[in-house]
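To start, the structure under review is shown below, and the notes come after it.
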Amino acid sequence: MATPLSDTPLSPIKTVAVVGLGTMGTGIAEVLTRAGRVVVGIDVDEAAASHAVAALEAATARAVSRGRLTEQEREEALARFRTFTDLQAAADADLVIEVVPESYEIKQQVFATLDGIVRPDTIVATGTNALSVTRLAADSARPERVLGLHFFNPAPAMKLVEVVSSVLTAPAAVTAVTNLALDLGKEPVAVGDRPGFVADGLLFGYLNQAAAMYEAKYASREDIDAAMKLGCGLPMGPLALLDLIGIDTARTVMEAMYAASHDRLHAPAPILRQLSEAGLTGRKSGRGFYTYEAPGSPTVVRDALTPLEDATLAQGRTVRSVGVAGSGTMASGIVEVFAKAGFDVVLAARSEEKAQAAKARIGKSLARSVDKGRMTAEAAAQTLDRIRPTGTYDDFADVDLALEAVAEDLEIKQQLFATFDKVCKPGAILATTTSSLPVVACARATSRPQDVIGMHFFNPAPAMKLVEVVRTVLTADDVHATVRELCTKVRKHPVDCGDRAGFIVNALLFPYLNNAIKMVQEHYATLDDIDAAMKLGGGYPMGPFELLDVVGLDVSLAIEKVLHREFRDPGLAPAPLLEHLVAAGCLGRKTGRGFREYAKR
């Protein structure tokens, strides 16, 4: 005999019970109520239920004040929301969504009780992002009606909803909740049952690595967060985000991911356990990676780890003129940055013609800035006049800073640094823009390694605010101080990091991209669903596959190989699918085909 949900289309979902009225449950209730659904809010804690009513009243009042609801619509929405402390109130619901704490024991108890209360055709959804939907379904009396419905916080604002099927879920149930999500104005993404699903499966591995990076004292919490916001365009840095999510919650998700994958990238960093067990769980407790004004407050306050704003570094060197080696996009962008800031710049390429062509590109870039009203024509002309193109590095003889932006090849860079060593005056700072190679290897090609430092700009250099300042064990204090001050003068934000593969941004970004490729390789989700999940659920400006195609698959593979070679972690091994695409010449937008195909220019 067919089960109630196996082959019969369901009626539209009109009444929804939300079990658990914490932040997420209250947010889901608001979304449903404002979309015309009758919502039965259930929580054993009467205070939580009262808080949910007050929160809905406040949210709808704000909506009225902003013209998004009429007063009548507000009153009707509030009338559709009722709260109870007994699960028996879910008896007439078409759909039950549980968002109780992330514990199998608690969730299974809720599911078992619901089995004796709800109708046979009622869909029961779990809001988990860490536990197995299949395991919860298997313990239910009617596993075919159980699925995952993973909203993102804050539920009223976040568009993504992951619809999670187990091998037991009936298609009719999936269709019904997918249609509901669309009617709520959300973007549903269909995924299978694995810890973290798509968005959190990628996000939490990245957050874990950021926590480990901080724990290793590789970079400060402020620099890690600034690097990922400014270098990747993310709305929040990873450590601030861990504080917002709750460090204890994040640790629970990572434990579940590690139990399923045994991938060391998912094994929670020890600092997460230490903070959790100390009760320093983030914003909700008033302290986590940062310290907050009060429990629940978003306002960060100074603590013992906050850098002093007036802290003085070593006395720096004077920099009036800059030499930039290279004629590609990065080199041209860096020349433009320094020239705009008033520095005289020598632009040296392998030939006079290449240098002149690079200066011409800079002229076009400046002209676009004039057209957009960002600078005057006079300022653009003065900027261009400060740039002297040349086909010989001998013209670096009098520069105070010599900076290379040539091919990402160690042998080429070492040869260039040996040339800098011969032609540059004593006391000149020698810098590399490498994103993945050891800075110290460039330094050792000179007789003055104390003068060598990394200045990793991001592309396009005129627009991107971040510079990773990479000092080696040999870099002099005054060189470091000079470069940090110089970054500020050219209106960039410097972050300090040590000389190891990937520095901050690439060391956190590329394992995340690699894990996204593995998801596609394992047929867990599609390119489009993964890109949508990360943009809508994580606030990323681009999905991972959009970004890979822009960066270039060959460049991405090279960086991933360097990271794997440096850290020797099996989880960092480049995904075979990436290697196959590169071998086939599918390198992204620049070749017209990468993970996606592009129209020919």
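Residues: numbered from 1 along the sequence shown.
Heavy-atom contacts from other residues, nucleotides or ligands closer than 6.0 Å to CZ of Arg287 number 12 or fewer. Remark: Glu71 CD is packed, more than 12 non-hydrogen atoms of other residues, nucleotides or ligands lying under 6.0 Å away. Annotation: His51, atom NE2; neighbour count of heavy atoms from other residues, nucleotides and ligands within 6.0 Å does not exceed 12. The environment of Asp569 atom CG is dense: over 12 non-hydrogen atoms of other residues, nucleotides or ligands sit within 6.0 angstrom. Under a cut-off of 6.0 angstrom, the local environment of CD in Gln109 is sparse, with at most 12 non-hydrogen atoms contributed by other residues, nucleotides or ligands. Atom CZ of Arg302 has more than 12 heavy atoms from other residues, nucleotides or ligands within 6.0 Å. Within 6.0 Å of atom CZ in Arg593, 12 or fewer heavy atoms from other residues, nucleotides or ligands are found, so the atom counts as exposed in its surroundings.
Between Arg221 and Asp243 there is no salt bridge, since no side-chain N of the basic residue sits under 4.0 Å from a carboxylate O of the acidic one. Between Glu522 and Arg194 a salt bridge is recorded (basic side-chain N to carboxylate O distance below 4.0 Å). A salt bridge is defined here as a Lys NZ or Arg NE, NH1 or NH2 lying under 4.0 Å from an Asp or Glu carboxylate O, and Arg119 with Asp94 meets this definition. A salt bridge is absent between Asp92 and Lys14: the closest approach of a Lys/Arg side-chain nitrogen to an acidic carboxylate oxygen does not fall below 4.0 angstrom. Ion pairing between a basic and an acidic side chain is recognised when a charged N comes within 4.0 Å of a carboxylate O; Arg142 and Asp121 show no such pairing. Classification of Asp193 and Arg135 as a salt-bridged pair fails, no side-chain N sitting under 4.0 Å from a carboxylate O.
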List, one per line, each side-chain donor-acceptor pair under 3.5 Å for residues 245-254, sequence neighbours excluded.
unit_1: Asp248; atom_1: OD1; unit_2: Lys284; atom_2: NZ; d: 2.9
unit_1: Asp248; atom_1: OD2; unit_2: Lys284; atom_2: NZ; d: 3.2
unit_1: Thr252; atom_1: OG1; unit_2: Asp248; atom_2: O; d: 3.1

Show me the donor-acceptor pairs within less than 3.5 Å that the side chains of residues 38-49 make with the rest of the protein, sequence neighbours left out.
unit_1: Asp43; atom_1: OD1; unit_2: Asp45; atom_2: N; d: 2.9
unit_1: Asp43; atom_1: OD2; unit_2: Leu21; atom_2: N; d: 2.8
unit_1: Asp45; atom_1: OD1; unit_2: Ala47; atom_2: N; d: 2.9

Query raised in the report: side chain to side chain contact (heavy atoms under 4.5 Å, CB included) between Tyr290 and Thr306: does it pass, once the steps are laid out?
Result: CA-CA 9 Å; Tyr290 295 90; Thr306 305; over 6 Å; no
Determine, stepwise, if the pair Met236 / Asp225 fulfils side chain to side chain contact (heavy atoms under 4.5 Å, CB included).
CA-CA 7 Å; Met236 292 184 77; Asp225 280 354; over 6 Å; no
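Heavy atoms only, all atoms of each residue included: Phe289 and Ala211 are closest at CZ-CB, 4.0 Å.
One distance of note links CG of Asn129 with CD of Glu102; it measures 5.0 Å at 0.5 Å rounding.
Only one option out of Leu202, Leu548, Asn506 pairs with Leu513 in a side chain to side chain contact (heavy atoms under 4.5 Å, CB included); it is Leu548.
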